[in-house]
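So the structure is just underneath, and the comments pick up after that.
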Amino acid sequence: MNLRSRKARDSAGNAIALFAVALSILPVTALAQADRKREVFAYGDVRIDLISEGSGPLVVLLPSRGRDSEDFDAVAAGIARAGFRVVRPQPRGAGKSSGPMKGLTLHDFARDVASTIRHEGGGPAVVAGHAFGNWVARMTAVDHPALVRGVVIIAAAAKAYPAGFEGAKELSAAVRKAGDPKLPAEERLTYLRMAFFAPGNEASVWLSGWHPEVDEAQFEAGRATKQSEWWSGGKAPLLDLQGELDPFKPRSMRNEIPEEVGPRASVIVIPNASHALVPEQPVAVVDAIVGWMRKLP
């Protein structure tokens, strides 16, 4: 091989090595963009705006009250990279999802999730819900057990606050005001930090992504459904994923779900995270969910 050929070979090798290094440090979300797809499907008078990526066992991600499923961008990409098919149905009223918004119960939202799973081939799926989304995930497991392989409960509030607990009214008000676009950004950040984000975590990422009509419909649906109808999550395995600093989950209530439903429930507590959890510690959330799913039968 002459000197010119050797230099060309070395240059090509260096370029490949540099590309591999660059690829390894790209954000997870950047790596997923080429695989991420979006479609709208319908059942009855409901249209579901569905974000999907990856291939493998099915995982459905559901956002918290009044928010859209794009909160899960980084987490969805990480789970997909681990070898799973990840789908995110936008709630009615968010994105291009639509359907009746009045007179609903959690059973209606569970039917949206079940239709999503059927659209994807019938699963069964692991359904992961953040905050209010975990109510819908558990309702789906109760109403459609054949479609649900397991439920991930992300940042769930306590079933009932312990006697003497102070701050419940303040937290409820903070949730409402954090998502109110009519309030100044700085005021909203105060409420986001109070109710959703641990000290030092960037709360401004949640100044956007709120949908007041979605929030109202979900709030009313939650009130119209007895807690006893969805709390058990049927007979599905449960992962209770908690932020260490979540004010909605007092430490004394940390093991309430395993104490009630027994060994089918597991608890993982993620440090340096509060009630938002997903945008605060996306890598830890991915690791916890994927590790738990790999142990499911």
Drop me the distance from Lys177's NZ to Ser172's OG, to the nearest 0.5 angstrom. 10.5 Å

Run the numbers on Glu39 and Lys96 for salt bridge (charged side-chain N to carboxylate O under 4.0 Å, His left out), then give the verdict. CA-CA 9 Å; Glu39 64 175 306; Lys96 295 182 179 179; over 6 Å; no

Pairs where residues 278-289 contributes a residue and the test side chain to side chain donor-acceptor pair (under 3.5 Å) is met, not counting sequence neighbours: Asn201-Glu280

Which residues pass the side-chain hydrogen bond (donor to acceptor under 3.5 Å, both in side chains) test with Arg67, not counting sequence neighbours? Asp71

For Phe72, which residues count as a ring pair (Phe, Tyr, Trp, His ring centres under 6.0 Å) partner, sequence neighbours excluded? none

Report the C-alpha separation of Asp240 and Lys249 in whole Å, then their side-chain angles, then the decisive distance to 0.1 Å, and conclude whether the side-chain contact (heavy atoms from CB on, under 4.5 Å) test is met. CA-CA 11 Å; Asp240 185 6; Lys249 180 74 82 169; 3.9 Å; yes

Start with the C-alpha gap between Leu238 and Arg264, add the side-chain angles, then the distance that decides, and say whether side-chain contact (heavy atoms from CB on, under 4.5 Å) holds. CA-CA 6 Å; Leu238 306 174; Arg264 69 183 174 94; 3.7 Å; yes

For Ser97, side-chain contact (heavy atoms from CB on, under 4.5 Å) partners two or more places apart: Ile48, Asp49, Gln90

By side-chain hydrogen bond (donor to acceptor under 3.5 Å, both in side chains), Asp68 pairs with (sequence neighbours left out) His211

Before giving the answer on side-chain contact (heavy atoms from CB on, under 4.5 Å), spell out for Arg294 and Phe84 the whole-Å C-alpha distance, their side-chain angles and the decisive distance to 0.1 Å. CA-CA 10 Å; Arg294 294 202 191 284; Phe84 294 86; 4.1 Å; yes

Return the set of residues passing salt bridge (charged side-chain N to carboxylate O under 4.0 Å, His left out) with Glu187 (not counting sequence neighbours), or none when no residue passes. none

Is there any ring pair (Phe, Tyr, Trp, His ring centres under 6.0 Å) pair reaching into residues 96-128, and which pairs are they, with sequence neighbours excluded? Phe41-His119

Would you check if Leu62 and Pro89 make a side-chain contact, meaning some heavy-atom pair closer than 4.5 Å? yes

SB check Arg38 Glu70 (cutoff 4.0 Å): yes

Phe197 vs Trp206 aromatic rings, parallel, tilted or perpendicular, using cut-offs 30° and 60°? perpendicular

How many angstroms lie between atom CZ of Arg111 and atom OG1 of Thr105, to the nearest 0.5 angstrom? 7.0 Å

Nearest-0.5 Å distance that lies between atom CG in Leu58 and atom CD1 in Ile117: 6.5 Å

Can you tell me how far the CD atom of Gln218 sits from the OG atom of Ser64, to the nearest 0.5 Å? 8.5 Å

Give, for atom CG of Asp246 and atom CG of Leu241, the distance between the pair rounded to the nearest 0.5 Å. 10.5 Å

Other residues, nucleotides, ligands: >12 heavy atoms within 6.0 Å of Glu244 CD: yes

Residue set satisfying side-chain contact (heavy atoms from CB on, under 4.5 Å) with Asp215, at least two apart, ordered chain then number -> Arg65

Residues two or more places apart in sequence or in another chain: which of them pass side-chain contact (heavy atoms from CB on, under 4.5 Å) with Arg188? Leu183, Leu207, Trp210

Passing option when Leu239 is tested against Val151, Ile268, Val126 for side chain to side chain contact (heavy atoms under 4.5 Å, CB included): Ile268

Could you tell me which residues satisfy ring pair (Phe, Tyr, Trp, His ring centres under 6.0 Å) with Trp230, sequence neighbours excluded, listed by chain and number? Trp135

Check step by step if side-chain contact (heavy atoms from CB on, under 4.5 Å) holds for Met293 and Ile79. CA-CA 10 Å; Met293 290 194 297; Ile79 294 173; 4.0 Å; yes

Give every residue pair that meets the salt bridge (charged side-chain N to carboxylate O under 4.0 Å, His left out) criterion with at least one member in residues 141-154, sequence neighbours excluded. none

Quick one: pull up OG in Ser204 and CG in Leu189 and give me the separation to the nearest 0.5 Å. 6.5 Å

NZ/NE/NH1/NH2 to OD/OE distance under 4.0 Å, Arg88 and Glu53: yes

Should Glu229 and Arg138 count as an ion pair when the cut-off is N to O under 4.0 Å? no

So, using ring pair (Phe, Tyr, Trp, His ring centres under 6.0 Å) as the criterion, who are the partners of Tyr43 when residues are at least two apart? none

